[in-house]
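Single-structure report; data block below.
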Amino acid sequence: MSIATYTAGTPAGSSGCQRVWYGDRARPASMQVLATYYFVGGHVQRLVGRVPGGTDYECHYRDGELDAARSRNAAQCPKASEAKPVP
């Protein structure tokens, strides 16, 4: 299984989004979205994804912490310190 990320890297302190796919890189059309990171000032504010073969999740972060009350399937969400766009 391959992992692909677009954009390949993000400048420190930037804002935007980054998407991660998984699957067979030799068959790009078969690759599936694993997660999309939405970040402001280099900090993830929202993370939307799906555990392969499992459930969807939507994670919201506030002030450097997971906001479990606003998140869906928060048990699948990484800690804020682990939810970072690829540099």
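Residues His43 and Gln45 bring no donor and acceptor atom of their side chains to less than 3.5 Å of each other.
Taking OH of Tyr61 as the reference point, atom OG of Ser71 lies at 7.0 Å (rounded to 0.5 Å). Distance CD/Glu58 to CZ/Arg72: 5.5 Å, rounded to 0.5 Å.
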**Study point:** Worked check of side chain to side chain contact (heavy atoms under 4.5 Å, CB included) between Thr55 and Arg50
**Key:** CA-CA 6 Å; Thr55 60; Arg50 172 180 221 136; over 6 Å; no
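Under the rule for a side chain to side chain contact (heavy atoms under 4.5 Å, CB included), the partners of Ser30 that lie at least two apart in sequence or sit in another chain are Asp24, Arg27.
Considering only heavy atoms from C-beta on, Pro52 comes within 4.5 Å of Tyr22 through its side chain. By the 4.5 Å heavy-atom criterion applied to side chains, Arg19 and Thr5 are not counted as neighbours.
Nearest approach of Tyr37 to Phe39, heavy atoms of both residues: O-CD2, 3.9 Å. The shortest non-hydrogen separation linking Arg46 to His60 is CD-CE1, 3.7 Å.
Exactly one of Leu47, Thr10, Val44, Thr36 qualifies for a side-chain contact (heavy atoms from CB on, under 4.5 Å) with Gln18. That residue is Thr10.
Hydrophobic cluster of Trp21: the remaining members, joined at side-chain heavy-atom separations below 4.5 Å, are Tyr6, Met31, Val33, listed by chain and number.
Around the CZ atom of Arg62, the shell of radius 6.0 Å holds no more than 12 heavy atoms that belong to other residues, nucleotides or ligands.
Ser15 places a side-chain N or O within 3.5 Å of a backbone atom of Gly41 that can act as its donor or acceptor partner.
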